[in-house]
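Sequential numbering from 1 along the given sequence is applied to the chain's residues.
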Amino acid sequence: MRTKKELSNFSGNNIELCRTTNERVGNRTVELLLDEQIPFTKNCKKIPFFQRDKYRGAQKVYIIETNPHRYSQARRALDSLEQNIKDRLVLSNY
């Protein structure tokens with residue numbers, strides 16, 4: 001029986017593009033990816049109560065994932081976002 005190694009930011013066929021605790025920033029990022037016709041998924045995870053200090057009191061974190069073959073195109077698209085939006089995104093490095 002083979003064991004499957006999993007990366008913390010790898011789920012299925014998608015890799016993590018970015019994450020944010022601000023819903024408005026997540027929605028703006030999704031709009032940009034839709035405009036650029038880049039495939040993505042947006043997930044929301046609840047932050048446990050005792051870990052909220054690390055996220056400045058946020059209750060949820062929004063995770064945006066994309067296809068590994070379209071990752072560089074998605075990163076270039078994120079570079080065109082406004083600076084105040086980019087400041088609130090945590091980008092993954094691949």
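For the atom pair Gln73 CD and Ile38 CD1, the distance stands at 4.0 Å (nearest 0.5 Å). Asn14 CG to Arg70 CZ: the interatomic distance, rounded to the nearest 0.5 Å, is 12.0 Å. Leu33 contributes atom CG, which lies 6.0 Å from atom CG of Leu78 (distance to the nearest 0.5 angstrom). Expressed to the nearest 0.5 Å, how far CG of Leu81 lies from CG of Leu32 amounts to 5.0 Å. Between the CZ atom in Arg56 and the CD1 atom in Ile47 there is a gap of 12.0 Å [rounded to 0.5 Å]. Between atom CZ of residue Arg52 and atom NZ of residue Lys46 there is a gap of 7.0 Å, rounded to the nearest 0.5 Å.
Donor-acceptor pairing under 3.5 Å is lacking for the side chains of Asn27 and Glu31.
Put simply, the side chain of Glu82 does not reach to within 4.5 Å of the side chain of Val25, judged on heavy atoms. Using a 4.5 Å heavy-atom threshold, the side chains of Phe40 and Leu34 count as touching.
Side-chain atoms of Thr20 do not come within 3.5 Å of backbone N or O of Gly26 as any donor-acceptor pair.
Residue Glu36 comes nearest to Ala77 through the heavy atom pair CG-CB, 4.0 Å, listed as atom of the first residue, atom of the second, then distance. Contact record, Leu17 with Tyr71: CD1-CE1, 3.6 Å, taken as the closest heavy-atom pair. Heavy-atom minimum distance, Lys86 versus Asp79: NZ-O, 3.2 Å. The heavy-atom pair separating Ala74 from Thr66 by the smallest distance is CB-CG2, 4.4 Å. Looking at every heavy atom in both residues, Ile64 comes nearest to Val30 through CD1-CG2, 4.2 Å. Across all non-hydrogen atoms, the minimal contact from Cys18 to Leu89 is SG-CD2, 3.9 Å.
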Checklist entry - Would Ile15 and Ser92 satisfy side-chain contact (heavy atoms from CB on, under 4.5 Å), going step by step from the backbone distance to the final call? => result CA-CA 9 Å; Ile15 57 173; Ser92 299; over 6 Å; no
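At most 12 heavy atoms of other shown residues, nucleotides or ligands fall within 6.0 angstrom of atom CD in Gln37.
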